[in-house]
Asks: 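The structure's right below; bear with me while I get my questions together.
Order of the sequence lines fixes the chain letters, A, B, ..., with proteins taken first and strands second; residue numbering starts at 1 for each chain.
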Protein chains: 2
Amino acid sequence: MHQGTIIALRDRVLDAAEAVVVRQGIANLTLEAVAADAGMSKGGLLHHFPSKDKLIEAMVTRCADHWRQHADEAYRQSPEGPGRMARALLSHLEDPESWTEQCQRGSCAVFAALAQNPALIQPMRAVYSEIRERLTRDGLPEGVGETVIAAMDGLWLYRVLGLTTVDRSLMELVRKVLQPLVGTGTPARGTNEPRAARGTHESKKKGIEQ
Amino acid sequence: MHQGTIIALRDRVLDAAEAVVVRQGIANLTLEAVAADAGMSKGGLLHHFPSKDKLIEAMVTRCADHWRQHADEAYRQSPEGPGRMARALLSHLEDPESWTEQCQRGSCAVFAALAQNPALIQPMRAVYSEIRERLTRDGLPEGVGETVIAAMDGLWLYRVLGLTTVDRSLMELVRKVLQPLVGTGTPARGTNEPRAARGTHESKKKGIEQ
DNA sequence: CGGAATCAACCGTCTGGACGGTTTGTCGAT
DNA sequence: ATCGACAAACCGTCCAGACGGTTGATTCCG
């Protein structure tokens with residue numbers, strides 16, 4: 001139970017930080033504001049996160065973990081065959097609510113890190129290199145996986161910057177264009193020669209294929 | 001000549017601001033730092049840009065203008081036919097130096113705006129809605145243009161956040177995947193029924209088709 | 001059992017520094 | 001002499017982090 005409350009408290013603080021960013025922007029992400037939103041004093045906040053850097057690092061790490069977890073889960077539920085990872089990623093566009101929420105979480109953490117200290121993005125980088133690695137061994141023609149994830153992150157960018165309204169119709173449009181590139185899961189004839197997953201890799205990083 | 005020096009000075013200051021962001025990050029984009037980099041005092045800087053908001057607004061506007069100009073130019077040089085705009089955008093990936101430079105300029109302005117006051121992104125929004133509008137009348141199947149630009153901006157994101165190394169091989173890979181979707185300029189049979197450019201638009205905004 | 005000791009969680013205050021913006025003054029060109 | 005282009009000093013504010021408490025629960029000890 002004690003462990004539980006500690007974890008809940010950390011999450012409460014991180015939620016508060018995200019809430020501050022959403023409501024008041026990165027410029028107003030101050031320790032005082034976070035403390036107030038989390039219902040404690042600045043002193044109390046600093047007791048748990050000894051510096052602003054540590055706080056933001058925790059935001060990014062939590063976000064990266066969620067993201068990794070989500071990707072793993074989607075991969076597991078995606079039918080086998082070439083393009084499994086790419087299809088797993090694409091499937092996220094079919095769930096606008098979940099996607100939108102992850103957009104917001106991600107943007108809070110990433111922008112906070114960017115403003116405070118770009119090096120704090122590191123955990124995100126790590127997740128991306130894991131995913132990119134899986135994409136390159138996905139059994140699709142070269143570049144397809146990279147294109148799919150780039151397009152999805154383009155949408156992410158539009159959403160979090162408000163560069164364009166990203167409603168479900170746009171998501172659907174993009175998904176329908178990308179879908180033919182990644183196949184259906186049952187390897188169809190007519191696709192380009194899929195690169196074989198070259199050997200010499202057996203869980204290079206932990207947690208990639210469980 | 002006088003007008004000339006004023007313009008040159010504005011650009012010098014904006015260049016200085018970008019340089020500060022590149023070297024020291026958004027967190028250190030202060031009026032003092034910009035003034036120092038531009039070789040003047042803070043008072044002098046504030047003489048030209050009466051507030052930090054105005055300075056960043058100018059950064060974003062200049063960047064948006066460059067971006068619009070570049071898109072117009074590429075469109076002009078792109079062969080006619082369906083997908084002309086999409087092909088124009090894609091062609092930028094063939095010029096990594098220019099692309100990289102625009103990445104940096106854009107990221108400085110956008111991130112500065114994001115940190116200072118998200119509303120300052122407005123000029124960028126305007127450029128995007130112009131480009132998106134041209135893309136939807138591009139004579140390509142629905143969603144293709146949107147996918148192309150999203151993928152390219154995904155690459156932009158990777159580059160400016162350092163989420164992934166974006167070298168010319170990755171750019172080439174993505175370009176080669178997207179190319180078949182936008183055709184060659186000579187309308188090939190076998191593509192989907194292109195949407196006709198619906199009438200009712202005659203230079204809705206200035207500067208779109210000159 | 002009961003009180004002393006311990007410890008983590010948390011609060012309120014303070015401070016040093018940085019930053020945006022203002023004011024006042026200087027100088028050269030017209 | 002007037003005006004625009006600066007410079008320098010300054011002000012008010014805000015924020016990260018330090019510090020010294022206080023509380024409340026737990027444990028230790030007699």
Asks: Checking A:D65 now: which residues fulfil side chain to side chain donor-acceptor pair (under 3.5 Å) with it, not counting sequence neighbours?
Replies: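 For A:D65, the residues satisfying side chain to side chain donor-acceptor pair (under 3.5 Å) (neighbours in sequence not counted) are A:R68.
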
Asks: Establish whether the base of D:dG17 is bridged to the side chain of A:K42 by a donor-acceptor pair shorter than 3.5 Å.
Replies: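 Indeed, a donor on one side and an acceptor on the other fall under 3.5 Å apart.
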
Asks: For the pair made of CD in B:E32 and C1' in D:dC10, what is the distance, rounded to whole Å?
Replies: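 Nearest whole value for this atom pair: 12 Å.
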
Asks: Please determine whether a side-chain nitrogen or oxygen atom of B:H48 lies at a distance below 4.0 Å from atom OP1 or OP2 of D:dC6.
Replies: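 Answer yes for this pair, as a side-chain N or O of B:H48 is under 4.0 Å from OP1 or OP2.
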
Asks: Whole angstroms only, please: what is the NZ-P distance between B:K52 and C:dA18?
Replies: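 One finds 15 Å between P of C:dA18 and NZ of B:K52, rounded.
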
Asks: Starting from C1' on D:dG21, measure out to NE2 on A:H47 and report it in whole angstrom.
Replies: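 Those two atoms, NE2 and C1', are 14 Å apart.
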
Asks: Does B:L31 reach a base, just sugar-phosphate, or nothing at all? Heavy atoms under 4.0 Å.
Replies: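 Contact class for B:L31: sugar-phosphate only.
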
Asks: Counting side-chain heavy atoms from CB outward, which of D:dA7, C:dC19, D:dC6 is closest to B:M40?
Replies: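 It is D:dA7.
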
Asks: Surrounding CZ of A:R168 (heavy atoms of other residues, nucleotides or ligands, distance under 6.0 Å), is the total greater than 12?
Replies: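 Incorrect, the count does not exceed 12.
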
Asks: For B:D11, is there an ion pair with B:R62 - N to carboxylate O distance below 4.0 angstrom?
Replies: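 Salt bridge: yes.
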
Asks: Separation of A:N28 atom CG from D:dA16 atom P, in whole Å?
Replies: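 These atoms are roughly 11 Å apart.
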
Asks: May I ask you to decide whether B:R134 forms a salt bridge with B:D72, counting only side-chain N to carboxylate O separations under 4.0 Å?
Replies: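 Salt bridge present between B:R134 and B:D72.
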
Asks: What is the distance, to the nearest angstrom, from the CG atom on A:L45 to the P atom on C:dC11?
Replies: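 Distance check: A:L45 CG to C:dC11 P gives 10 Å.
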
Asks: Rounded to the nearest angstrom, tell me the gap between atom CG in A:L46 and atom P in D:dC15.
Replies: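 Answer to the nearest Å: 14 Å.
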
Asks: Give the rounded distance in Å between these two atoms: CD of B:Q116 and C1' of C:dG21.
Replies: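 Going from CD in B:Q116 over to C1' in C:dG21 covers 12 Å.
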
Asks: In whole angstrom, give the distance that lies between atom CZ of B:F49 and atom P of C:dG20.
Replies: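 To the nearest whole Å, that distance equals 15 Å.
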
Asks: Over all strands shown, is B:L55 touching base, sugar-phosphate only, or nothing at heavy-atom distances under 4.0 angstrom?
Replies: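 It contacts nothing in the nucleic acid.
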
